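The block underneath contains the structure these notes are about, expressed in structure tokens.
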Amino acid sequence: MQQFIATRIFQGLITLIIVSFLAFFLVRLKGDPVDITAPPTFNEDQKQRLRELWGFDKPLAEQYVIFVTRAVTGDFGIAYLSKRPAMELVIERLGATWLLAGVASLIGLSVALPLGIISSLNRNSFFDLGSTMLASIGTAMPSFWLGLMMIIFFSVRLRLLPAFGARDPSAIIMPSLTMGVGMAAYLSRLTRSAMLEVLNEDYVRTAYSKGLITRTVVFRHAMKNALIPIMTVFGLQLGWLLGGSVVVESVFSWPGLGRLMIDSIGVRDNTVVQAALLFFSLSFISINIVIDILYAVIDPRIRFD
Amino acid sequence: MPGFNRKGILVLALIAVLALLAVPLGAQDMEETEFIIAHPGPIRTLDAPVTWFISTHWLANLLYDCLIWRTVDGSGYVGQAAESWENVDDTTWRFNLRPGNTFHNGEPLDAAAVKWNIDRVRTREDFMVQPQWVDVAEVIVVDETTVDIKTVGPTPYFEFIVSFNGCELLPPGYVEEVGDEAFSRAPIGSGPYVLSEFTESDRYVFEAWDDYWGGRPEIDRVIYQVIPEQSAQLAALLAGQVDMVSNVPAVELPGLEAAEDIVLTKETAAVMQHIYLRVDTTAGNMAETYPDFEPATLDLNVRQAISHAIDRDLLAEVHGAAVPRLGRICPHFPEGGADSFNNPETVTAHYDPDLARSLLADAGYADGGPTVYFDTPTVSRGGNEKEVAEVVSAMLEEVGFDVELNVLDPAAFGEQINSPGNNRDMMMVTLGCSVPLVPLFYRCVWPAAHHDVCVEEWDEVSNAILSEMNSETRLELWGQWWDYWFGVLQNVTLYEVQANIAYSSDFDFTPRKDGWYTFRENLKLAGDDM
Amino acid sequence: MSAGPGQPPATLPSEEDVATLVTGHSRQPSLLSLLRRSPIGLIGTGIISLVIVLAVISPLIVPHDPIRGNLRTRYKPPGFTADDGATHLLGTDQLGRDIFSRILVGSRVSVLVGVVAVMIAGTIGVLYGLTSGFLGGRVDGVMMRICDAMLSIPFVIRVVAISGIVGPGLVTLILILGLSGWVTYARVIRGEVLKARENDYVMAAWSIGQRPLWVVLHHILPNVIASAIVLAALQVGITMLAESSLSFLGLGVKPPTVTWGIQLADGKSVINSAWWMTTYPGIAITITVLGVVFLGDWLRDSLDPNVRGRD
């Protein structure tokens with residue numbers, strides 16, 4: 001087990017290096033930051049000087065080496081426009097992003113699991129039908145639409161909740177609900193399906209025949225086995241949420257990573273994009289490591305090789 | 001397993017609760033007057049000279065004084081750090097500073113500080129605003145409160161330059177002590193407000209400064225709140241959580257008119273929407289990159305056909321807040337052709353689809369065509385670019401053009417327009433309409449890759465305008481300048497963009513003619529007769 | 001015959017049983033009769049057929065020109081009747097175009113994009129997950145790390161990068177959406193395969209020496225496909241919404257092509273007053289998703305060896 005975890009972490013580091021490589025070249029695929037950020041009054045000479053200042057004149061390979069050697073010490077360079085360390089900009093947003101992701105996925109899970117389990121236990125009932133419809137609406141509803149409708153209702157009509165920002169503790173309610181709805185919809189469907197699958201497997205029915213009561217059957221046997229796909233998708237979604245959601249952050253003016261990333265791409269501020277990307281991939285890779293370990297914890301038959 | 005789940009959830013919940021408690025409550029003192037404007041963000045730095053982004057300069061203007069500053073109505077200039085100023089001779093401008101004036105940190109704002117600042121922006125090549133200051137030859141400290149600025153040649157629009165981007169005065173001692181990077185995090189100026197809090201992703205808070213030479217401002221606190229979505233900005237205004245939204249879509253106006261505590265006003269945004277037409281294939285590296293591409297717009301007849309095929313009145317209606325125009329200077333300036341080309345009747349009469357068709361026939365396209373490639377950003381400074389471009393395409397197709405419309409996100413569009421020589425005939429561009437900058441753009445020495453027009457005689461007129469100190473002679477030169485403008489027809493002007501501004505009736509507000517949302521003497525509490 | 005396809009054996013199956021499992025397809029009820037017995041499948045099929053039929057015949061039945069609008073009647077609310085007597089059932093948009101007509105015509109590209117992109121993503125993802133989970137060991141490790149790397153680059157960055165290589169357009173759009181969605185399936189399927197391959201009947205198939213490909217396709221795939229179908233059904237809606245954000249970034253299809261996503265993007269900034277511009281395309285997407293989800297439920301049930309035939 002320990003060896004497995006160590007191997008996984010080692011693999012994670014290698015993935016991180018690959019990602020840093022991909023990230024570095026992907027952000028450079030499109031466009032010269034100088035072309036976008038320089039004012040129209042700059043001529044080629046001045047642009048060239050700016051390129052030299054920002055280090056774009058060097059060969060890509062050399063730029064990459066410089067980037068990596070600095071990155072391992074936590075130095076991602078100074079953001080071209082903010083003139084602040086790129087890492088600082090990212091860290092400034094981490095708290096808000098993670099808080100929102102945490103609350104949203106809590107909402108998602110706590111709605112999805114009961115909904116999915118009850119649906120699977122009462123297949124084709126009205127409850128099942130209703131939750132299917134809710135889930136469809138949940139995934140098909142654009143989050144900017146839901147978000148703005150909530151703002152119009154709770155902030156404009158009722159004057160209850162702040163329409164923007166993350167200053168007031170109550171400010172998290174609407175963005176986390178908006179994010180949680182989509183997640184709940186998605187996960188509840190998956191829970192239902194996974195539960196149905198295991199509920200019909202032999203050992204579950206054997207447990208039934210032994211006269212064990214339903215709830216115990218559900219939790220002890222079925223739930224445990226249904227968890228694998230649920231966990232996988234939950235992990236992926238949590239990973240995405242940790243990277244920030246551009247739409248929700250924009251609608252609620254939530255100071256998160258998603259907006260920082262899109263704003264920085266807009267001006268091709270590679271230093272910030274790279275720093276944000278690193279956190280994004282770090283969270284993904286660690287979540288996937290945890291999930292892989294959980295696979296084995298849940299179902300010891302899954303080997304560690 | 002259930003045990004694990006419950007524990008996990010408990011831990012997460014605990015973390016969430018703790019994090020919630022850690023978020024500071026917005027302390028609000030009801031005694032103080034607070035004004036919150038919704039800003040689309042992001043605002044990246046307040047070290048003003050660094051950036052070219054106009055909206056940063058809005059905020060910077062609260063924090064910093066310049067030597068002089070444009071008046072609210074755009075007709076002239078008013079002294080800030082300088083009490084008075086004069087044009088001593090053709091190349092010397094003398095500024096008399098306010099005696100005893102200081103920066104927020106107590107550093108004296110004297111002639112030496114002014115010299116330090118202007119020398120800084122004109123020599124730092126990594127500053128975006130540096131090229132604007134190349135006309136300054138020397139800054140001379142005459143005495144503690146007198147400073148002379150020498151220009152390279154006669155510079156009639158010097159007042160504009162000295163009050164434009166990069167004019168903000170920084171405390172030299174403090175900047176040198178802490179360095180540029182630390183300064184941009186804790187900037188200090190000499191303006192009516194001090195920066196008390198800034199979070200790039202969230203908001204910028206300015207507090208009134210007691211010791212401002214013009215007296216403490218009436219509004220105690222001005223906050224720029226970042227709200228990226230236009231719909232969310234409006235909702236926040238309707239919810240009473242912000243006091244001003246600066247760019248309301250026309251379709252939202254009826255809903256706002258119904259709201260009792262909201263005032264609506266409209267003012268020029270000081271920019272004009274144009275369609276840039278390609279008139280030359282030799283610019284940049286286009287000849288090598290697209291050897292076979294021959295823009296249809298190389299033919300003047302085609303360019304004129306485009307201009308006459310566009311119903312600008314209808315476009316202005318589609319845009320929602322625009323006034324149809326033909327020439328690129330705003331008519332509130334004497335040079336802006338208020339009685340001639342930018343007169344509403346003239347603009348309406350310019351729309352002539354039959355003329356456009358016959359021009360196309362003259363150009364050899366009697367049976368339809370040509371195909372033109374047209375790029376537009378989804379949305380940019382002008383607002384509604386995509387919708388307008390769609391309507392323009394329809395109008396052009398009406399007279400026989402075949403339009404290939406290409407909608408790009410603003411960043412990709414920015415690259416497209418700045419990359420040397422792309423294979424496009426037409427591009428939507430938004431340009432400022434202030435007088436002194438305009439002739440600059442049409443000189444042969446102008447650097448931009450796509451500004452590929454160079455007409456020697458026009459160049460001479462532009463240069464003459466930029467060095468003619470006599471305002472009457474200059475106006476005559478402008479007359480010639482416009483002949484070239486319409487003769488070459490590199491830009492087809494569509495309309496002057498206006499901004500619909502909605503604000504809380506608690507305040508009394510006069511919008512600026514330069515499209516800047518900065519608040520000094522133009523913002524007061526309502527019902528106040530100061 | 002103790003073990004029919006619907007009933008996995010309680011003990012290790014005999015060689016005979018496995019053979020029955022494998023060849024038992026002929027005794028399954030036909031899809032059609034299954035459909036008849038499943039109201040959900042019927043509703044799903046009904047909705048999807050309706051959407052497809054409407055998409056196909058939409059150019060013939062639109063009440064107004066979906067491309068050219070009347071600029072004098074912009075942002076009109078649902079039920080608005082113009083001076084010339086033309087009624088706009090669902091209102092008009094920012095260029096005075098009829099929303100109802102645009103929804104009808106928009107269904108063509110939207111449904112195409114939604115379905116094709118999901119199919120591409122699903123196929124790649126399922127095959128990838130099967131291979132990775134089944135082969136296990138080092139291959140699994142490498143394949144999953146590739147997944148991690150894919151996931152670690154956010155959608156926006158991938159989109160910007162891809163669009164830098166190929167220009168925008170319908171094919172690009174489908175490719176972007178299809179090629180970025182597969183990892184979810186791959187990870188889910190791989191997790192399920194890890195679980196399934198330890199199952200008794202798979203062990204049994206192994207033990208009697210069946211070829212690996214056969215085992216994968218006939219014993220593992222049917223046991224893991226359910227999750228993929230559920231994911232795919234939901235993904236159709238998510239893909240349609242993603243298309244909306246892409247067209248907002250200028251990376252979607254070009255005008256005058258209409259999609260529901262473009263309609264959503266167009267109405268985004270005027271939700272406060274012109275709510276109909278986003279609401280109705282949103283409802284169109286929801287109904288389609290509902291149809292696909294119902295259809296997916298039914299398909300999932302009819303393919304799941306454990307559930308099939310027990311209703």
Side-chain angles (χ1 to χ4, degrees), chain A residues 30-32 35-44 46 49-50 53 78-79 81-84 89 92-93 95-96 99 102-103 106 109-110 144 147-148 151-152 155-156 159 162-169 172 219-220 223-224 227 250-253 255-256 259-260 263 265-268 298, chain B residues 1-2 9 12-13 15-16 19-26 38 41-42 44-45 47 50-53 125-126 128-132 180-181 184-185 199-203 225-229 231-232 235-236 238-242 409-412 414-415 418-419 440-441 446-449 451:
Chain A
K30 199 137 189 253
D32 180 346
D35 274 339
I36 286 203
T37 44
T41 45
F42 266 37
N43 60 29
E44 255 328 293
Q46 285 165 313
R49 270 195 292 269
L50 212 52
L53 187 82
I78 304 290
L81 296 172
S82 302
K83 302 275 162 185
R84 294 170 61 199
L89 292 175
E92 192 176 289
R93 314 249 184 155
L99 178 68
V103 177
L106 262 184
L109 262 190
S110 54
F144 71 83
L148 281 164
I151 293 181
I152 289 170
S155 303
V156 179
R159 302 222 164 191
F164 54 81
R167 293 184 172 273
D168 199 272
I172 199 168
F219 282 109
R220 273 289 135 72
M223 191 59 212
K224 184 173 159 185
L227 264 179
S250 301
V251 168
F252 294 101
S253 318
R259 246 168 66 209
L260 178 70
D263 287 342
I265 293 172
V267 290
R268 309 278 182 257
I298 288 170
Chain B
M1 190 41 52
I9 289 172
L12 271 177
I15 293 173
L20 276 175
L21 292 176
V23 177
L25 282 160
R44 292 194 171 79
T45 171
D47 180 12
V50 171
T51 171
W52 179 256
F53 295 103
E125 276 166 353
D126 55 324
M128 304 270 171
V129 296
Q130 185 262 344
Q132 180 195 318
D180 283 357
E181 202 187 299
S184 71
R185 266 183 263 186
T199 324
E200 193 177 299
S201 50
D202 187 17
R203 65 177 197 171
Q225 172 67 49
V226 176
I227 303 181
E229 287 288 335
S231 314
L238 288 168
Q241 296 176 11
V242 300
D409 78 292
E415 274 165 353
N418 283 320
S419 57
L440 281 174
F441 290 97
W446 188 255
H451 286 112

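What you see below is based on every heavy atom in this structure, not just the backbone, and it leaves out hydrogens, waters and symmetry mates. Source: prediction; values computed, not measured.
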For each of A/I151, A/V251, A/I152, tally heavy-atom pairs with chain B at distances under 4.5 Å, and name the one with the top tally.
A/V251

Return the option, out of A/F252, A/F144, A/F164, with the maximum number of heavy-atom pairs under 4.5 Å with chain B.
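Of A/F252, A/F144, A/F164, A/F164 has the most heavy-atom pairs under 4.5 Å with chain B.
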
Closest heavy-atom pair and its distance - [X], [Y]:
| X | Y | result |
| --- | --- | --- |
| B/E200 | A/E92 | N-OE2, 3.7 Å |
| A/S253 | B/P228 | OG-CD, 3.6 Å |
| B/A239 | A/S155 | CB-O, 3.3 Å |

To the nearest 0.5 Å, tell me how far A/R259 CZ sits from B/D202 CG.
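One gets 8.0 Å once the value is rounded to the nearest 0.5 Å.
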
Quick one, B/E229 and A/L148 - any side-chain contact, counting heavy atoms below 4.5 Å?
no

